Amino acid sequence: MGWEKGFGGSEKEYNFDQFKAEVGQILKLGNKGNFEYLINGGIFSNAEDISLVDYRHFNGNQTRIGFGSYVGKFNLMPYYNFSTNDNYAEFHAEHDFQGWALGKLPFINKLNFNLVLGAHLLTTAERNPYTEYSVGLDNIGFGKYRFLRLDYVVSEINGQRDGAFIFGLKF
């Protein structure tokens, strides 16, 4: 939980309050893999005319390259299209099956790839919800060098869908 206060600026309209909260967890489900989630949200007060710098900006990506865990990130969202100075809520979830699903398929199990499913949602007071869903393969590589991940991500806003492959790197 947190509180951010903008004050002391030369312009009175730059003074604002933002109350925010975040909760996240990684659940280890034994041989079924790991489930990770992150939920956060915030409420702005007296923020109608604040500077764009003080808006809440979300972790978008337009490079088609991902790094680390995708929980807390939007893989296809344009960088500043959803920035807000109003109420917002985010939800991110990802399940890494760690061989449980693909390990049961003959010949595929020899590759040691992991199936990863993800879902992401952003809602703000002034825009329709933005959603992303992904399905991917993790643990791609050879021998000890398995630092690649490949996901297909579908985003949806205002009934319009977009899809792309995201190439992930883990170090």
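All figures in this text were calculated on a predicted structure; none of them were measured in a lab. Note that these values count all heavy atoms, side chains included, but never hydrogens, waters or copies made by symmetry.
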State, yes or no, whether a side-chain contact exists between [X] and [Y] at a heavy-atom distance under 4.5 Å.
X	Y	result
Tyr88	Phe44	yes
Arg127	Asn81	yes
Ile166	Tyr70	yes
Asn114	Phe97	no
Phe58	Thr124	yes
Leu76	Arg64	yes

Do Asn158 and Asn128 have side-chain N/O donor and acceptor atoms under 3.5 Å apart?
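There is such a pair (donor and acceptor under 3.5 Å, judged by atom type) between the side chains of Asn158 and Asn128.
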
Answer yes if the side chains of Glu94 and His92 hold a donor-acceptor pair under 3.5 Å, and no otherwise.
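His92 and Glu94 do not have a side-chain donor-acceptor pair below 3.5 Å.
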
[atom2] on [Y] to [atom1] on [X], rounded to 0.5 Å:
X	Y	atom1	atom2	value
Glu36	Lys28	CD	NZ	9.0 Å
Lys20	Asn40	NZ	CG	9.5 Å
Leu115	Asn139	CG	CG	12.5 Å
Arg149	Phe167	CZ	CZ	13.0 Å
Asn112	Asp138	CG	CG	12.0 Å

For [Y], does its backbone N or O pair with a side-chain atom of [X] as donor and acceptor, under 3.5 Å?
X	Y	result
Lys73	Gly68	no
Asn85	Ala47	yes
Glu126	Thr84	no
Asp17	Lys5	no
His95	Lys32	yes

Heavy atoms from other residues, nucleotides or ligands near CD of Gln160 exceed 12 (cutoff 6.0 Å)
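Atom CD in Gln160 is not crowded, with 12 or fewer foreign heavy atoms closer than 6.0 Å.
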
Treat each ILVMFWY residue as a node, draw an edge where side-chain heavy atoms are under 4.5 Å apart, and state whether Val116 and Leu111 are in one component.
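No: no chain of side-chain contacts under 4.5 Å links Val116 to Leu111.
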
Which of these passes ring-ring contact (aromatic ring centres under 6.0 Å, His included) with Phe74: Tyr130, Phe82, Tyr79, Phe91?
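Answer after filtering Tyr130, Phe82, Tyr79, Phe91: Tyr130.
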
Would you mind listing every salt bridge (charged side-chain N to carboxylate O under 4.0 Å, His left out) that reaches into residues 98-120, with sequence neighbours excluded?
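Passing the test, one end in residues 98-120: no pairs.
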
